[in-house]
Amino acid sequence: AQKITQTQPGMFVQEKEAVTLDCTYDTSDQSYGLFWYKQPSSGEMIFLIYQGSYDEQNATEGRYSLNFQKARKSANLVISASQLGDSAMYFCAMTRPVGTASKLTFGTGTRLQVTL
Amino acid sequence: NAGVTQTPKFRVLKTGQSMTLLCAQDMNHEYMYWYRQDPGMGLRLIHYSVGEGTTAKGEVPDGYNVSRLKKQNFLLGLESAAPSQTSVYFCASTYTENTEAFFGQGTRLTVV
């Protein structure tokens with residue numbers, strides 16, 4: 001069974017600084033997908049970034065990058081130049097490979113607070 | 001550009017009552033999911049579907065049933081609501097396993 005672990009319930013970062021949100025996963029599959037989603041206080045879920053298990057380069061989307069270390073089974077989200085609007089819950093998620101009964105599984109989330 | 005639409009947005013039920021939550025997507029997605037979100041627990045998968053006419057159990061299926069009679073709709077039913085089912089429910093859909101999920105706006109359900 002696949003499992004996502006986010007060990008940081010809450011994080012603080014100063015505006016304009018970079019922050020890393022941790023995510024580790026457990027799976028026996030060779031092919032899988034890793035995602036990060038943001039949930040602001042308004043409640044909607046916003047897709048941030050995706051990394052495929054066979055992608056050799058770390059994914060980047062603007063100020064977001066995913067530090068993918070396959071051997072360590074970690075997929076940490078790095079937010080550069082934090083902004084006040086980055087304050088939100090962040091969820092790491094994982095999918096199973098093509099051809100299986102696909103499930104999208106989430107971690108418990110990290111609450112990020114950006115301060116002045 | 002509706003995306004994923006959940007109805008209703010809010011509901012209060014008495015213990016023992018039944019209700020159905022509707023999720024509709026207009027993106028021709030194959031995969032659809034129902035989650036519940038509780039403080040400190042993240043999003044937990046209730047049931048999911050990999051195509052029209054198919055359903056499967058997730059992590060926390062007890063007390064819920066689902067149906068996917070049409071590709072665009074995924075219904076979540078509570079036959080006899082319990083206070084433990086007080087939660088925020090999210091529906092999501094994806095085109096394939098490794099594409100981003102699109103979420104509905106959530107349904108806040110309170111069972112008293």
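Naming: A, B, ... by sequence-line order, numbering from 1 per chain.
Around NZ of Lys73(A), the count of heavy atoms belonging to other residues, nucleotides or ligands within 6.0 Å exceeds 12.
Taking the centre of each ring, Tyr64(B) and His47(B) stay at or above the 6.0 Å mark.
Asp22(A) places none of its side-chain heavy atoms less than 4.5 Å from the side chain of Ser74(A).
For Tyr35(B), the part sitting under 4.5 Å from any heavy atom of chain A is the side chain, from C-beta outward, and nothing else. Only the side chain of Gln39(A) comes within less than 4.5 Å of a heavy atom of chain B; its backbone N, CA, C and O stay farther away. Contacts between Thr54(B) and chain A at a heavy-atom distance below 4.5 Å are absent for every atom of the residue.
The two atoms that bring Cys91(B) and Gln6(B) nearest to each other are N-OE1, 3.0 Å, heavy atoms only.
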